[in-house]
4 protein chains.
Amino acid sequence: MKYVDNRAEGVKIAYIGGGSRGWAWNLMSDLAMCEDMSGDVYLYDIDFEAAQHNEIIGNMYNGLEGAKSQWNYHAAKTAQEAMTGANFVVISILPGTFDEMESDVHTPEKYGIYQSVGDTSGPGGIVRAMRTIPMFEEIAGYVKQYCPDAWVINYTNPMTLCVKALYQAFPEIKAFGCCHEVFGTQKVLCTALKEFCDIEVADRSLIRVNPVGVNHFTWLTKATYLDQDLFPVYAKFAEEYAETGYTKNLDTNWMNNCFVCSQKVKLDLFRKYGWIAAAGDRHLAEFVDGSRYLKNPETVRAWGFGLTTVAFRKEDLKKRLTKSQQLMSGERELKLVPSGEEGVAQMRAILGIGGPLVTNVNIPNRGQTPNLPMGAVVETNAVFRDNEVTPVMSGEIPGEILPLISRISIEQEGISEAIANRDLDAIFEIFANDPLVTCSYDDAKKLFKEMVMNTAKYLTSYDLSKL
Amino acid sequence: MKYVDNRAEGVKIAYIGGGSRGWAWNLMSDLAMCEDMSGDVYLYDIDFEAAQHNEIIGNMYNGLEGAKSQWNYHAAKTAQEAMTGANFVVISILPGTFDEMESDVHTPEKYGIYQSVGDTSGPGGIVRAMRTIPMFEEIAGYVKQYCPDAWVINYTNPMTLCVKALYQAFPEIKAFGCCHEVFGTQKVLCTALKEFCDIEVADRSLIRVNPVGVNHFTWLTKATYLDQDLFPVYAKFAEEYAETGYTKNLDTNWMNNCFVCSQKVKLDLFRKYGWIAAAGDRHLAEFVDGSRYLKNPETVRAWGFGLTTVAFRKEDLKKRLTKSQQLMSGERELKLVPSGEEGVAQMRAILGIGGPLVTNVNIPNRGQTPNLPMGAVVETNAVFRDNEVTPVMSGEIPGEILPLISRISIEQEGISEAIANRDLDAIFEIFANDPLVTCSYDDAKKLFKEMVMNTAKYLTSYDLSKL
Amino acid sequence: MKYVDNRAEGVKIAYIGGGSRGWAWNLMSDLAMCEDMSGDVYLYDIDFEAAQHNEIIGNMYNGLEGAKSQWNYHAAKTAQEAMTGANFVVISILPGTFDEMESDVHTPEKYGIYQSVGDTSGPGGIVRAMRTIPMFEEIAGYVKQYCPDAWVINYTNPMTLCVKALYQAFPEIKAFGCCHEVFGTQKVLCTALKEFCDIEVADRSLIRVNPVGVNHFTWLTKATYLDQDLFPVYAKFAEEYAETGYTKNLDTNWMNNCFVCSQKVKLDLFRKYGWIAAAGDRHLAEFVDGSRYLKNPETVRAWGFGLTTVAFRKEDLKKRLTKSQQLMSGERELKLVPSGEEGVAQMRAILGIGGPLVTNVNIPNRGQTPNLPMGAVVETNAVFRDNEVTPVMSGEIPGEILPLISRISIEQEGISEAIANRDLDAIFEIFANDPLVTCSYDDAKKLFKEMVMNTAKYLTSYDLSKL
Amino acid sequence: MKYVDNRAEGVKIAYIGGGSRGWAWNLMSDLAMCEDMSGDVYLYDIDFEAAQHNEIIGNMYNGLEGAKSQWNYHAAKTAQEAMTGANFVVISILPGTFDEMESDVHTPEKYGIYQSVGDTSGPGGIVRAMRTIPMFEEIAGYVKQYCPDAWVINYTNPMTLCVKALYQAFPEIKAFGCCHEVFGTQKVLCTALKEFCDIEVADRSLIRVNPVGVNHFTWLTKATYLDQDLFPVYAKFAEEYAETGYTKNLDTNWMNNCFVCSQKVKLDLFRKYGWIAAAGDRHLAEFVDGSRYLKNPETVRAWGFGLTTVAFRKEDLKKRLTKSQQLMSGERELKLVPSGEEGVAQMRAILGIGGPLVTNVNIPNRGQTPNLPMGAVVETNAVFRDNEVTPVMSGEIPGEILPLISRISIEQEGISEAIANRDLDAIFEIFANDPLVTCSYDDAKKLFKEMVMNTAKYLTSYDLSKL
């Protein structure tokens, strides 16, 4: 990589999970529209063919009208090839297949446990972590070996535990986790500003927020637009829509079209605790006691959100496979559309191009949130600029929500250590104490065993005979 | 008070709740058997007649054979009379009557919530705190006014919140809370030593322990007898009795005879988490998710302990009233029996008599337990000696049990602040998130309202119209 | 104030010390060149005539070619007039006159104590703080009364103690302290980059640094240009110039022309401790033992910097008075020149104009520097944006320099409390332990008394009879 | 070791430095007078003959009238022989000979630096640490190998750094450092009580104190006798004797007879800071700026204490050699005299005999002193009982003395790391910043080099060519 006239040329990006039919295309589009960087993207995937397809699609972007930079895509056969000398490593993988996810999400239903996402916390999140963390330990090893100075950007869930695993395996790693859930809440605030103050905000990022907590259970303790405090505006919004939900102008981006929510959970949490919960309702619901928002499908419906079925995800995957074929064949037109993600903006800022960027990020707590455990991965703002991502002080989490968040963060610290030690007993104890595990202890034991055995193919580093 | 030949003469003790028919007699007996202190005990009680009865009984102790010191008992008409110039203030009160306790304990059963004690945590503990804390604020005011240098010893539940209230109302107060639950666990360890090593321990206090946590949810991170680590011994004990429970030599002291437990909860917790839970099973069960040990009466029975009914307590009170009459009339013989409590030993140590005492105590966290909130009331060892009670470092709470304890301690901090502010909304939010509140959020709301209205007579400092 | 087309109109700035003949003109020039703000500047000064002169000069800026915004200047008779409803309060005052400063700087010379600045630490800084802090307590009171939501920007020394006094007197204040010393070190790094790598940096602010420590004794633990770590470059620079000093291209800005240094102290500190000291040598020298760089005038000369005499300052003031007259009369031409200060850029960022700004600032430690005392005023980076100035985590201060910095910070905390209490004994004890006070304890006592009595006119809130 | 009728039999003590002619005899006498322990003492010394002499003398104690227990003494040829299976390891060594100490203490005098002891801090303490710490690293290795469960009691100076080195080399070690300096201050308090209140205290240990700080620079933040606060009494004492010194009833124990002080330093520090400095004046003087109490021999004399010359120590050693001969030959009578040290009392308490002991000790900071660095060795009270030595919370160090103590503790942390790394540059930087090093930086460099070369024989693990 070198700088030429304020542009970074020869940037090398390694994309782990490079066969992805979603996130990868987002990145391709954003890169093509970025005028001050160019280079190579190495796509590494256990499904090599998928990577090859993306190599084809990726290279097609260079020819599009409006493409401002040249990126050469390469399907890589080995992690070594993809990562050696990389400036950035992007990780966006599916740990296992949707069959494993099906078990994560739906097995607990037998015991009356419903999950709206099932990839972050709760039974699904914990078992998913069991197969994901060993993969991240391996990836961290590659980073150490092949590109110790690279910046590593993770999109994979469970976010907190994945980022923690990278730092545990290679403490000097320069890694962070990105998530767009806070962006969605910024959009809700834009909506409220429009509706109650008739103010049109040019971009959600102009809503300045102070996020605290852990990924997908993030809360805002400040929200400002220019000199205006947005809490009173949001309070009006809550008063108006807490009962009915807000269903106008729902986002219909590919990732969200079936993941619609009416913000009722978010507004309910605001009215109870006085602070703004900043993730989609489907995520938020999974961090409080299961009986509150996820008691049964009727309760979920009444709260105005949906349980994402894995059947849906499988169906959606088929559509995206088709889309991939169509893109490659030219049957379907490739378009340059900003994804709304910040990955490319973060890369630019890290390369020192275009000024500092202040945005939310998931990194270990060095004190930015003084009342969560030191070392736990937390979500706060950070400054991105020339070769640094430095946390901004979030301040203390307010007392109203501290017990909720602290409980989760301490449990994540525990689960992280238990999985690092491959200690099934310790994992189970935390599993059984998760807020979503509302069944009896004995049932929890049966459930855990069943979920583990369902996904045993991806749990070879554990001694399952001890179960 | 003055020192004469290594004896403390003229010690003044104010007993708040001095009409008590139980704890007060314990104290009388222990004082009579203490040879190096003498003085006056002022009994203050809203039931003045009960205090007068205890004045009579107390003075009878002086004539007993074996009494080693003279104590003059006085029923006091005012707190001022009782407390002015006191060296010690003992607080042992019933906040309200057993009718209120009946509501605390049994109203939640309508919603499927069973409580084995109902005076510390859970719905019962929280509502009890709502009427107790204002009383403690008042007592702290008296201490500040009438005897700011006195040592204040609390026996009332909810212990943690009562002690916290004293310090909040009068930060310079020299107060601590005493509880015998850890002693019971030391006795269990004696039993295990006898059974598996044939070692007879002269007194439970010779089992050296390191307690951490909060009152009634206290855990031991060390247990030693001379140079022997007792964890392996306890592990054997757990292996032998976890399934069946241990039912030999049950304690039949008046306070415990109907409060029998078979240690199954305690042993279950040990097997799960690897650390020794150090309170009676009835208390321990109330700090983990309600579905684990308290799901329904059958579950409770299967875990080998009992739900203390308030009907029983009312019946028991009648017996103690009769006993009081019989003691006064001489129909029933007064006896000098060591109570097993440590109050008098603590007073001696604080007066500088007989050397330092190291024992467990409930005081605000000044750092003795670094991973619980600073200022929260925690239970650890402390050194009692000449005019000081200084906490001993407990060390960090181990990761296995930190989430369980931390959750409780953060909630107690929250409830303490919410009650200090008489903020019904804030109280309810914590109520609804308590581990025992396994019903739905809406039901929790109904339950809270019902419990509050049942006990409204004692909640006059709250604006109940806001409910 | 209101926003019109991304411009802030009607901004009200109160300038305390508005008769200033230096800093005030800087601000006027920078404001005139700022195209997206306009409004009023109220000049408040105990020398009302000076403020009136600046009113005239300030308003002349509006007519200059190249002026991009309109600012109306007003000499204010009262703090109330200047501050009521202000959006910003700028404080740049001289506490007392140069006569007092003469005593601060030169009295200690009798005892063999030489000070190169004498306004921050050492005997001069402490006695200056004694008269400054009461003034800042008063200003904080005005802010609370007249403009509690205003942002308060301090330029007055001793910076750390002034900012601390504001927060002590009005804890909700939104105040911060600005200082250009770090900028000077960024310029040195530019020089080194040019000299050893032939890289031309467009602006010193593009050198990204991580400052830690306290004002005027700030250190850089990171310095980066794009992706390049500047420590190796600085090491070469140090090797080359540590002995001889670097004297090319000395800055000749009005503030610095007689304050020349050859960077020998800075390079010496780097070679000893391995971290980059980031203030002018004249300041740095005052924070280490007096015998090192300030033993006597010969030592100072050998280290390549100068002792600023107050005689010089008085002479300089005369020149600036003349300049003021000439500017008003038109005899001397007013010019629009960027001052190099960041005040206006900070205001813009706080108003939400032109994106976030990340720069160094002096504010209370909320944890941004975990190994300095919480609450002590520290210098680190912060994010300036829509109505917020939030500290960025600086990380822990490295062990090599922690004792040096920590000693100063703890002493500042002590002096701050001692002055708040007007406790002459406590002030003296810290005075006597300051690194510059190399004379005997008895001499220190005499010196302290002499310095206090010399400046007694400004110390009316102390009971000097106790001295 | 086994327990027989509440006695510990077969206790094995390894004495490193067992040829000692002072501390060793103290221990022998105290052991002989202890009725509830018996066993073997292995004397290990690089001077094997000295150990053999002590073997003879030690065994003679068993025959003395009044000896209550049997201890068999053995001169050990190897550390392995001495330490294998030991219950206690006592370390009391002279690092190098008095020739090295002569350099430590007297070389700095050439540069105007006077040291009253020279074994703890200042130039002498630092260079002594350079040769001592490698020895302690070696001893910690032996403990790990031969007796990992043993309790290790250190008497060697520099105490803080020696104990730190043990924990750094073997983190699981159960080590602590003992020092009698606080006892001396308790005696001063007894004197004051006698003189101003006519109260006779039976034993100095009945004065209850709360020590904070680091060894030899320890301060009392509380001092109580029974219910009496001793600060007002001490204030009277200070008022009476600060000017003249207190010279009645000076202790004439062998260790102190030439180490007389008149308490003027201690009383001066009390009057300045309001807290009781709790070490001998000779030690205290070495922790504040050299110009205060140690400027030159006249200043020292004026403060009423003496500079201990190494010539005196050499002379004294000769006397003790003669004494050793006389004791062995019977020419001089062996006597059972309590040494005033607490080593044997501590061993009893650790073995669980005779109840808990609360006394001051030097161990790593686990939070007992929250405002000194975690992990730094600090002096506070601790509870000694069955197989545990647990720190008591000292509370925060008061603001008046925090800068003084904190500076020392941070420097000790630095020196400890620098020596562990054998980093001469880092050691020198701290050396040059020590409060006693009042000479110029260049002279400090010369001095350091000279002191190191003088003692090079014992510094073989450093690369002295780098000097």
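Order of the sequence lines fixes the chain letters, A, B, ..., with proteins taken first and strands second; residue numbering starts at 1 for each chain.
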By a 4.5 Å heavy-atom criterion (distance strictly below it), what part of [X] contacts chain C: side chain, backbone, both, or neither?
{"X": "A:Tyr3", "result": "side chain"}
{"X": "A:Pro391", "result": "both"}
{"X": "A:Asn381", "result": "side chain"}
{"X": "A:Leu226", "result": "both"}

Chain A contact via [X] - side chain, backbone, both or neither, heavy atoms under 4.5 Å:
{"X": "C:Asn87", "answer": "neither"}
{"X": "C:Val358", "answer": "both"}
{"X": "C:Leu206", "answer": "backbone"}

Only pairs of heavy atoms separated by less than 4.5 Å count here; which of [options] has the most with chain C?
{"options": "A:Glu396, A:Arg385, A:Gln368, A:Glu388", "result": "A:Arg385"}
{"options": "A:Asn387, A:Thr224, A:Asp227", "result": "A:Asp227"}
{"options": "A:Met393, A:Lys222, A:Arg366, A:Gln228", "result": "A:Met393"}

### Heavy-atom neighbours of C:Lys194 NZ exceed 12 at 6.0 Å
yes
### Neighbour count >12 (heavy atoms, 6.0 Å) for atom CG, A:Asp229
yes
### Task
Side-chain contact test, heavy atoms from C-beta onward, threshold under 4.5 Å: evaluate it for C:Pro356 versus A:Arg208 and give yes or no.
yes
